**Q** 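Submitted below is the structure of interest, expressed as structure tokens.
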Amino acid sequence: MTAILIYSDQDNFALELVTAARSLGAAEVKAVTINNEEQAQVLANAGAQVLKIDNEAVVSADVAAVAAAVAQAAEKAGTDTVLLTSNRRGKELAGRLAQIMGAGCLTDVSSIKIEDGQIKCQRNALGGATVAVQTITTDKKVIAVMPRTFEAATGAGGSMEAIQVNIPAATIKLLEVKAKSGDDVDIEAAEVIVAVGQGLNDAGQLPMIEQLAKKLGGEVACSKPVATDKKWLSEERIIGLSGKNCKPKLAVLLGISGQVQFTVGIRDAKTIVSVNTDENASINTMADYILVADLHQAVADMNGKL
Amino acid sequence: MNIVVAMKQIPDLQQIRIRNRQPVFEDVPLTLGPIDKNALEAAVAIKEQLEAQVTVLSAGDENVEDTVKEALAAGADQCYLVLDDALKNAESSVTAEVLAAALKQMEDKPDLILFGEGSGDNYSGQVGSRVAAILDLPQVGYASAIEVGEGKAVVTRSLENCEEVVEVTLPAVVTVIAGINEPRIPSVSQILKAGRKPKEIVEPDELNLDLENAKTDTLSNLAPETQRKRVVVKSVDELIQALTSEALIGR
Ligand SMILES: Cc1cc2nc3c(=O)[nH]c(=O)nc-3n(C[C@H](O)[C@H](O)[C@H](O)COP(=O)(O)OP(=O)(O)OC[C@H]3O[C@@H](n4cnc5c(N)ncnc54)[C@H](O)[C@@H]3O)c2cc1C
Ligand SMILES: Nc1ncnc2c1ncn2[C@@H]1O[C@H](COP(=O)(O)O)[C@@H](O)[C@H]1O
């Protein structure tokens, strides 16, 4: 592997991509930054060869502009392979960039390695029911890697160089940026997770769930409907395909049926406990300990005994 | 105003079983992607506010002709289908070429082209972006709200840490998230009428399209191995005991 170009709008993810590129044996890790002097510095300090774009026309909200900029950077850097972060911005960029580069593309990549001279990427398929190993068969490649798949890079010996790009007239105008309601919990980092599903009767029962999480030294998380339909907890706490991917030591799952879109986000937990009134709930097939019981009763009991 | 909604036929994911780590598709009914249904609902909601025609666009095998009835019942006015066995599990770059060619061919020029944020089975989130690139259209991904105005739309895009409100000139590609709405359940009379709605069916040849080779290759696709203890405990006491003995609690 000669050189790999990386790009992410977020510093920490960009650093992870530097590590990813190194793990693929890139002789040179190049990074493109867009109107972000600070990130250029951070990446250069971690040993990347930074191509700096300073151009007001490249607005981050305009994917077409960002894709055009990154494609031109790849050309200037002489790289066929571009690594992006598979967050929402990165995924949206991936397809557009791949199309203009004439590249094959894989997104949501959760593991990536070189084997038999190919880059083998692992990603969920069929809504998470299966894990596929895929390769890109074209010379040009765009790969969007899930956040936190790699450690942030450290290093030295990086460099910085300004490059010019041509960007077509903007067709998108940013009107407003609204901060999301401030739940800054990081359930992916938690060692213990207490997750509730639709088996929970009402939001009034949440304090006892929080109490249990506290006693176990963990965080409260949930299945998607609890956040998106019922709005009892913030979307930051959703586990699964459209939420977070958690690998805690202990996961206590309360009143969750175990649809695959949920289980993909928790199947790497070391120990899984399921509390469910239905002994045939499919979550029980992937639990280490199964308690067939009303979760409200069980949680009250646990809180009393712990 | 012409709104096109790209919808993919997928096996009903809830009904896929796993045998020897392999997914089993036998007898699994076909449906349309869940988030694609949100995209359709968004289109129908716009149509209810202003004069608009909603066309469902789908590429797939011959079964799509039947599967698409779901969408026609749920409020689409007509459908445009590109059918060929090779399109059933086509790779994202191939699907995008086909959809883009179909969009170019449409008599009523699309103003707004809606996609799901990801297809139900592959969830690559690529097809919408690729189509926008091929047609050189602006795009806004992860929409949680769409408001259409004269020659433009105001779209709220939901990102991990913020929401962006952007104005985009039409025609444009917009991909929606599941949270944008709750798709309606069609009534019996809507279902009955669905079969009579106009369908245009073409083959890739008619789009002057040589299907390109896939740009990715799948080496394996297996259910992850799960090795769980599956111990049934009879009481909270027993559970606490087990977790304590594993040093998971009470440290
Ligand atoms: C494209 C797509 C993406 C998705 N992404 C996600 C995702 O990221 N995360 C996610 O979670 N879901 C996701 N979903 C939704 C997913 O398919 C399920 O609908 C969801 O996970 C179900 O949540 P649940 O288990 O809480 O609810 P249910 O399926 O309703 O299960 C509730 C469970 O509680 C049990 N129960 C009821 N009462 C009690 C009681 N008193 N005590 C104990 N147990 C009780 C029931 O037996 C049942 O097993 C996605 C769906 C799609 C289509
Ligand atoms: N075969 C298809 N026919 C029509 N639309 C499709 C097809 N495949 C994907 N799409 C659309 O593209 C979106 C993203 O798909 P994907 O890139 O596979 O995640 C889907 O939500 C659909 O809106």
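All values reported here derive from a predicted model rather than from experimental measurement. In the text below, chain A, chain B and the rest are named by the order of the sequence lines, each starting its count at 1.
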**Q** First locate atom NZ of A:Lys173, then atom OG1 of B:Thr169, and finally report the distance between them rounded to the nearest 0.5 Å.
**A**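 Spacing of NZ (A:Lys173) from OG1 (B:Thr169) equals 10.5 Å.
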**Q** Between A:Ala129 and B:Pro224, which heavy-atom pair has the shortest distance, and what is it?
**A** O-CD, 3.6 Å
**Q** Measuring heavy-atom distances to chain A, does B:Lys152 have an atom under 4.5 Å in its side chain, in its backbone, in both, or in neither?
**A** neither
**Q** Less than 4.5 Å to any heavy atom of chain A: does that hold for the side chain of B:Ile177, its backbone, both, or neither?
**A** side chain
**Q** Quick one: does B:Gln139's side chain get under 4.5 Å of A:Asp62's, heavy atoms only?
**A** no
**Q** Any side-chain to backbone donor/acceptor pair from A:Thr107 onto B:Ser124? Under 3.5 Å, distance only.
**A**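 A pair under 3.5 Å: yes.
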**Q** Between B:Ser129 (side chain) and A:Glu92 (backbone), is there a donor-acceptor pair under 3.5 Å?
**A** yes
**Q** Looking at every non-hydrogen atom in both residues, tell me the closest pair between A:Leu126 and B:Pro23 and how far apart they are.
**A**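 Answer, listing the atom of A:Leu126 first, then B:Pro23: CD1-CB, 3.7 Å.
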**Q** Do you know which of A:Lys140, A:Arg89, A:Lys224 has the most heavy-atom pairs with chain B at a distance under 4.5 angstrom?
**A** A:Arg89
**Q** If you count heavy-atom pairs under 4.5 Å between each of A:Ile136, A:Val260, A:Leu93, A:Asn124 and chain B, which one has the most?
**A** A:Ile136
**Q** When rounded to the nearest 0.5 angstrom, what distance separates OG1 in A:Thr171 from CD in B:Glu167?
**A**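 The OG1 atom of A:Thr171 sits 11.0 Å away from the CD atom of B:Glu167.
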**Q** Between A:Arg267, A:Gln259, A:Gln297, A:Glu279, which residue shows the highest count of heavy-atom pairs closer than 4.5 Å to chain B?
**A** A:Arg267
**Q** Between B:Glu164 and A:Lys178 (salt bridge meaning N to carboxylate O under 4.0 Å), is one present in this structure?
**A** no
**Q** Cationic tip of A:Lys91 within the cone over B:Tyr123's six-membered ring, i.e. under 6.0 Å and within 45° of the normal?
**A** yes
**Q** Are A:Leu175 and B:Val154 side-chain neighbours, meaning at least one heavy-atom pair lies under 4.5 Å?
**A** yes
**Q** Using a 4.5 Å cut-off on heavy atoms from C-beta on, say whether the side chain of A:Gln99 contacts that of B:Ile134.
**A** yes
**Q** Name the option with the most non-hydrogen atom pairs under 4.5 Å to chain B; the candidates are A:Asp229, A:Leu174, A:Asp108, A:Val273.
**A** A:Leu174
**Q** Spell out, as yes or no, whether a donor-acceptor pair under 3.5 Å connects the side chain of B:Arg157 to the backbone of A:Ala61.
**A**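 Looks like yes, one N/O pair under 3.5 Å.
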**Q** Side chain from CB out, backbone as N, CA, C, O: work out which of these in B:Phe115 comes under 4.5 Å of a heavy atom of chain A, or both, or neither.
**A** neither
**Q** Using every non-hydrogen atom in the two residues, find where B:Arg130 and A:Gly95 come nearest and quote the distance to one decimal.
**A**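 Closest approach of B:Arg130 to A:Gly95, heavy atoms only: CG-O, 3.3 Å.
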**Q** To the nearest 0.5 Å, what is the distance between CZ on A:Arg96 and CD on B:Gln126?
**A** 14.0 Å
**Q** Name the region of A:Gln261, side chain, backbone, both or neither, that has any atom closer than 4.5 Å to a heavy atom of chain B.
**A** side chain
**Q** Measure the shortest side-chain to side-chain distance between A:Leu306 and B:Ile240 over non-hydrogen atoms and say whether it is less than 4.5 angstrom.
**A** yes
**Q** Determine whether A:Thr137 and B:Thr216 make a side-chain contact, defined as any pair of heavy atoms from C-beta on separated by less than 4.5 Å.
**A**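 The answer is no, as the side chains (C-beta and beyond) never meet within the 4.5 Å cut-off.
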**Q** Is the backbone of B:Ser158 close enough, under 3.5 Å, to the side chain of A:Arg88 for a donor and an acceptor to pair up by distance?
**A**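 Confirmed, A:Arg88 side chain pairs with B:Ser158 backbone.
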**Q** Can you find a heavy atom in the side chain of B:Ile249 that is under 4.5 Å from one in the side chain of A:Leu216?
**A** yes
**Q** Side-chain contact, heavy-atom cut-off 4.5 Å: B:Glu246 with A:Lys249?
**A** no
**Q** For the interface with chain B, which of A:Gly217, A:Ala125, A:Ala64 has the highest count of heavy-atom pairs at distances below 4.5 Å?
**A**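 So the answer, after comparing A:Gly217, A:Ala125, A:Ala64, is A:Ala125.
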**Q** Does the side chain of B:Val140 come within less than 4.5 Å of A:Ile172's, by heavy atoms?
**A** yes
**Q** Among A:Thr271, A:Thr285, A:Asp288, A:Asn284, exactly one meets side chain to side chain donor-acceptor pair (under 3.5 Å) together with B:Arg228. Which residue is that?
**A** A:Asp288
**Q** Do you know which two heavy atoms are closest between B:Thr218 and A:Ala132, and how far apart they sit?
**A** CG2-CB, 4.3 Å
**Q** Go through the atoms of B:Ala214 and report whether side chain, backbone, both or neither lie under 4.5 Å from a heavy atom of chain A.
**A** backbone
